[in-house]
There are 2 protein chains.
Amino acid sequence: MTTTTSGFATIQQRDLVNQIADMLTEALLKGDFAPGVHLAEAQLARDFGVSRAPVREAARLLESRGMLVSQPRRGFFVRTFNAAELDDVYDLRLCLERHAVRLLAGKLTAEMEAALDAQLETMRRVANDGTALQQIEEDVAFHRMLCQFSGNQRLVRVFDELCHEMRFCILLIGQLYDDPAQVAESHQPVMDALRTRDANACEAALDYHIGIAQQRVGEMFREREGQ
Amino acid sequence: MTTTTSGFATIQQRDLVNQIADMLTEALLKGDFAPGVHLAEAQLARDFGVSRAPVREAARLLESRGMLVSQPRRGFFVRTFNAAELDDVYDLRLCLERHAVRLLAGKLTAEMEAALDAQLETMRRVANDGTALQQIEEDVAFHRMLCQFSGNQRLVRVFDELCHEMRFCILLIGQLYDDPAQVAESHQPVMDALRTRDANACEAALDYHIGIAQQRVGEMFREREGQ
DNA sequence: AACTTTCAAACTGTCGACACTCGACAGTCG
DNA sequence: CGACTGTCGAGTGTCGACAGTTTGAAAGTT
């Protein structure tokens with residue numbers, strides 16, 4: 001790595017791979033690469049000013065996150081989604097979060113409640129003065145908390161993997177939240193259900209909440225696919 | 001293995017990475033490496049007679065499967081399990097398979113039924129004249145079919161990831177099936193429930209089946225941990 | 001004897017190079 | 001005119017090497 005004379009950049013002597021992975025992720029989410037397009041290692045290496053080794057590792061990382069796919073001897077390609085795959089992702093997400101809220105309903109503490117309330121507040125705030133990306137991130141953060149508080153760390157890991165795909169897919173579509181405030185508010189019923197500690201009520205509220213989201217994203221995707 | 005129109009098996013220039021990954025996996029499952037032990041890239045490369053690059057990639061692959069963990073600048077280590085993590089894995093597995101059988105209950109075809117029955121038969125056969133490893137593989141194959149037939153491909157992928165960990169963990173413990181025939185038979189109630197097409201009955205049968213397995217593996221693990 | 005310092009071996013992260021493979025394109029033969 | 005073959009460029013798979021870091025033990029100090 002060419003050390004820039006401005007002492008700032010040297011902090012990240014740490015890990016080129018993660019930096020590259022982050023940059024690639026950002027580029028993918030920004031839509032710089034069309035779905036299905038081939039990513040040449042040497043070209044990316046030149047662009048980033050590094051050798052192919054770290055680029056290759058970063059690409060494998062994104063592959064494991066489902067944002068790239070690879071073919072032997074042909075290299076990496078930007079992941080393409082079809083409507084069926086998107087449905088699968090949402091279906092699985094529902095499966096996970098249902099399980100999470102059922103577990104959580106039986107063990108919700110005051111601290112967890114406060115943290116979730118605070119997150120809702122944050123969502124309301126960025127609904128007004130945040131970017132679309134921020135809104136999505138805070139939305140995801142709320143759902144991630146549900147998983148986290150369920151106590152099953154393995155479940156959180158799968159949720160994170162799924163989120164990478166959802167984010168990718170959502171931003172691929174373009175605008176999602178035409179009324180961010182309404183989206184933020186739609187989480188309140190889930191929170192209310194949690195407070196009752198009734199697992200069935202929680203699951204029902206979540207079903208409704210995620211069902212709506214899936215329907216909207218699905219519609220937009222199918223529209224886009226039809227073109 | 002795929003076949004071409006001419007009937008020949010496609011010679012896939014099996015790249016080194018997969019071969020190494022397979023060998024490493026086998027070694028790990030055989031218990032050649034103690035949990036927590038450090039795997040030096042150069043040493044493995046010498047053992048396999050290759051350079052470090054493919055070893056590194058294979059190790060990253062196993063890391064994504066949860067069999068190794070890596071620390072920056074320190075390399076790869078054999079994954080260690082504790083009882084809590086094992087519980088998480090089984091809990092998540094239950095979550096996935098419940099969802100799968102619920103979906104499957106509504107769409108079970110004659111072909112699927114036949115395939116599942118055949119798999120049960122295979123399990124009974126290897127219960128008599130198979131190795132412990134075969135018994136585990138056929139057991140896993142039955143549960144994998146449930147996921148496959150649910151129609152959610154993404155769910156299958158997560159199930160596969162979990163299986164790598166379960167297999168690893170189970171073989172880490174040592175003997176699991178002291179009565180293989182009984183284990184094979186314990187799948188029958190799930191199959192019977194499926195035939196009724198009643199989602200609740202399916203879920204209940206599965207809960208019972210997996211609950212028993214989790215309890216047994218958990219007990220053995222805790223015993224071993226206590227040492 | 002316990003504790004710190006020094007130092008060398010081992011190891012990882014990264015690099016540039018080379019061989020082999022794949023796909024495209026043009027040329028050849030029926 | 002169409003199908004097959006040979007060639008060429010682009011790109012991946014793999015390798016050996018170097019630099020900086022970590023580790024563990026020897027050496028030195030109180």
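Numbered from 1 within each chain, the chains take letters A, B, ... in sequence-line order. This one's a predicted model, so the numbers in the text were calculated from it and none came from an experiment.
Proximity note for A:R73 (side chain, C-beta onward) versus D:dG13, D:dG16, C:dT12: the nearest is D:dG13. The side chain of A:D15 lies closest to C:dT14 when the candidates are C:dT14, D:dG11, D:dT14. Nearest nucleotide to the B:R74 side chain, out of C:dG23, D:dT14, D:dT23: D:dT23. Counting only heavy atoms from C-beta on, B:P54 has its side chain closest to D:dC15 among D:dG11, D:dC15, D:dG13. For B:H38, whose side chain is taken as the heavy atoms from C-beta onward, the closest listed nucleotide among C:dC11, D:dT12, C:dG16 is C:dC11.
Among the heavy atoms of the strands lying under 4.0 Å from A:L39 are primed sugar atoms or P, OP1, OP2 only; no base atom is included.
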### Message
Between B:Q19 and B:D15, is the side chain to side chain donor-acceptor pair (under 3.5 Å) condition met? List the steps.
### Response
CA-CA 7 Å; B:Q19 288 186 57; B:D15 58 323; over 6 Å; no

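Looking only at distances, a side-chain donor or acceptor of A:R79 sits under 3.5 Å from a matching main-chain atom of A:G66.
Atom CZ in A:F48 sits about 13 Å away from atom P in C:dC15, given to the nearest Å. Note: CD (A:Q19) to C1' (C:dG13) measures 13 Å, nearest angstrom. Atoms CD (B:Q71) and P (C:dC11) sit 16 Å apart, rounded to a whole Å. Atoms CG (B:N18) and C1' (D:dT14) sit 15 Å apart, rounded to a whole Å. One can place CD of A:E41 at 15 Å from C1' of C:dA17, the figure rounded to the nearest angstrom. To the nearest angstrom, C1' of C:dT12 lies 13 Å from CG of B:L44. Between the CG atom of B:D47 and the P atom of C:dC11 there is a distance of 11 Å, given to the nearest Å. C:dC20 atom P lies 14 Å from atom CG of B:L16, rounded to whole Å.
In terms of polar N and O atoms assigned as donor or acceptor, the side chain of B:R52 comes within less than 3.5 Å of the base of C:dG13 in a complementary pairing.
B:H99 and A:D91 form a side-chain donor-acceptor contact under 3.5 Å, judged by distance and modelled atom types alone.
A:E26 CD: 12 or fewer foreign heavy atoms inside a 6.0 Å radius.
Of all heavy-atom pairs spanning B:F221 and B:A83, the tightest one is CE2-N, 3.5 Å.
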